[in-house]
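Contents: one structure, followed by commentary.
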Amino acid sequence: MTNTPTLPTKSKKRFRSVASRRRWLRVFALFVMLTYTVVTLFPFYALFIRSFVSTKDSADLHLWIPEASEVNMNAQVGNLSVFYDLDLKGLKDAFGIPQTDFIMSRTTLRQLGEKYDIPEAKIREFFAGFYTFNGWKTLLTGDLYGTSFWGALARTLLITIISVVVGIILSIFTGYGLAGLRRRDQMVVYNIYLLQMVIPAMLILLPQFLMFQWFFKLFPGYGNAGFMRYGLQLLAIILINIKGTALSTMIFTAAISAIPQEVEDSAMIDGASSWQYVRHILLPLLKVPIVSLLVIMLPLVYNQFLEPYVYLDPANSTLLPFIQSAVGQFSTNFQLIYSAIFASVLPMVIVYLLFRRMFVEGVMAGAIKG
Amino acid sequence: MRATIVPPTGNPLSRSQGKRKLSKLEKRRMLRDWMFISPQLFIFVLLTIVPFIVAIPILFTDMAQFNDPQINPVGLHNFLALFTDSGVQADYLPALRRTVIFVVLNYTTVFIFGLSLALLMYEVGFRGGFFTVVYLPLMVSGLAVGYMAVMLFSKETGTVNLLLRETGLIKKPIDIYSARGTAFILPLMVGWRYAGYNMAIFLAGLLSIPKETIEASIVDGSNYWQRLWHVYFPQMLPSFLLATTMCLIGSFAVFDELVALGALYVNPEAKLLSVLFFTYGFQIDRLAMGMTLAVMTFLPLVILGVALQRLQRRLQY
């Protein structure tokens, strides 16, 4: 502002007021952004902390991981196994109690120690950190309806990777076939894909499921649990994921239409087949739309719940249906539920933060196309 | 470099030779296009369009479950049940009321979160870091968002409740399982989750406005509100239509968040229409009725959606 003395006083004043208004706007914007950031990050933080807060402490406010509390010697074994999913088999092993012995659910830890002559210190040692890490320990080592957290996570990753890769390849093919939208038949196909945007999954869920039941019956191995049945169920989910969406079609049709026809003509004259053209010339040119679809599709597929919940057997389930059935089973152990939810959120958030620039650019490019 | 290899004589020749040769080329091109279109189109039509056709005959039967051995035709009974059967009405009407409330509130959050954040971002310049934060909740599943809501707003153990009570801001805790709690917190959480998505839509609309029109309005002395209503919004109309379509279809079909709130078992306040259709089909053996109700509810929406979509595309190009 030092180079403005030549200005008349009136316009100088005006200039200053505009400048100060801009400054106030910046302060206000910064304040809003900061508040929104805190409000957005808080649930994630609270979820992390709550995964370490035992059910008995959950009515107190915890803003940090609570100190590991000693086990109460008057706690009853039955309550511990209901509310904290105490591993009774492991307990018997650790204290040398024969597996065949029945422990009454009303038995307190003190009585247990007296009955089997276990020193109190040993019991306390066994239960060290029990309340704090109970949720995580049960989640990561536990078994539910024939599958574990790790199995469910592996199936989720398998479905996600196959769906995204195959889905993008098929969508590129569609975009190449529709490029330019020169003919009537191309326009019809394009409009059919646009319908997807307005048809909610819930509307077609029931008849779609019925059709898959008919399809599954063609395979004799589907009737009993095994590789065939589980494979077919996973295939159904993958097919639903790769069927193409309005967005995928719009993104690739627009991107391939924008490539000049001369590029293709010259490749053909040099003797390339359509396949070679798509593979060696088109694919490298499509980096931006591929990233765009990838970052939009990835969280949708990873976080898919409705279809896996309906189609997959409990022993064959992916992460979210696994968590939902765990909720049904351990409805009293909220510590476990929050651990499971945090564990399900973490992989996608890590991928997002690692590739955040790709996500931001891809999403904006997709939004402009949409 | 290529100019020497490609003699420009080919094009005029084929053109002068008439239509037959050109149509042969066109035919080959069409065949090639369909080779590439057909794999995905086959899956798409089979899984999205054919289910409608499969559903039509079932709507007129009393099919109860997916492997029902005995299916009897019942005529229009399923369609009329909504107006005559008090049992169906008792299920449907409360769910419809909750859904409409949810859709209205959720539509407001599109503007409260999406539009205002997009305007903020537009006025102070694009901030990648803040965008990352706003878009973050979209990485979280609907199920997880539902459980986060339970964690934050449970009556006795909700973190927000405990925090607000500790600081003395509220006396009576918010209860997510009450009718009011569910009605307000659910759209809040869903709006928070989709804030980044809606912001991207509105921001794309804002960025497509020609700078000259904004500068002209500033030179003419307009204030910010006038600029919003007369310069920004009219030129962002396609974005509004897109956000409306997505919100309308999305909120009528909301499901995952409701499951987390216990809609399938314990919490009747979270039973929206999508949960009702799911329950009819998979839990209480009224498959044909569930399908009919779903079609009767969603078909008008699909038609409205197509109309909005067409309008949006017409405005865009």
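Letters A, B, ... mirror the listed sequences (proteins, then strands); counts begin at 1.
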With side chain to side chain contact (heavy atoms under 4.5 Å, CB included) as the test, would you mind laying out the steps for Asp33(B) and Arg182(A) before giving the verdict?
CA-CA 11 Å; Asp33(B) 283 350; Arg182(A) 287 163 272 119; 3.9 Å; yes

Toward chain B: residues of residues 298-306 of chain A with heavy atoms under 4.5 Å
Pro299(A), Asn303(A), Phe305(A), Leu306(A)

Measure from the ring center of Phe131(B) to the ring center of Phe359(A) and say whether it is less than 6.0 Å.
no

Spatial distance of atom CG (Leu207(B)) from atom CE (Met364(A)) [nearest 0.5 Å]
5.0 Å

Counting only pairs under 3.5 Å, give me each side-chain donor-acceptor contact of residues 141-157 of chain B, with atom names and distances, residues two or more places apart or in other chains.
| unit_1 | atom_1 | unit_2 | atom_2 | d |
| --- | --- | --- | --- | --- |
| Ser141(B) | OG | Ala144(B) | N | 3.2 |
| Tyr147(B) | OH | Gln324(A) | OE1 | 2.9 |
| Ser154(B) | OG | Val150(B) | O | 2.8 |

Is there a donor-acceptor pair under 3.5 Å between the side chain of Gln208(A) and the backbone N or O of Pro51(B)?
no

Heavy-atom proximity to chain A below 4.5 Å, by part of Val140(B)
both

Plane angle bin for Phe44(B) and Tyr193(A) - parallel if under 30°, tilted between 30 and 60°, otherwise perpendicular:
tilted

Chain B heavy atoms under 4.5 Å from Met33(A): which part of the residue, side chain, backbone, both or neither?
both

Result block: side-chain N/O donor-acceptor pairs under 3.5 angstrom for residues 194-204 of chain A, not counting sequence neighbours:
| unit_1 | atom_1 | unit_2 | atom_2 | d |
| --- | --- | --- | --- | --- |
| Gln196(A) | OE1 | Ala246(A) | N | 2.9 |

Whether the side chain of Gln213(A) engages the backbone of Phe66(B) through a donor-acceptor N/O pair (distance < 3.5 Å, no angle test) should be reported.
no

Are Glu123(B) and Arg21(A) close enough for a salt bridge, meaning some N to O gap below 4.0 Å?
no

Aromatic ring pairing Phe173(A)/Phe36(B), orientation class (parallel under 30°, perpendicular over 60°, tilted between):
perpendicular

Please output the side-chain donor-acceptor pairs of residues 249-260 of chain B that fall under 3.5 Å, not counting sequence neighbours, one pair per line with the distance.
| unit_1 | atom_1 | unit_2 | atom_2 | d |
| --- | --- | --- | --- | --- |
| Ser251(B) | OG | Cys247(B) | O | 2.2 |
| Glu257(B) | OE2 | Arg193(B) | NH1 | 3.2 |

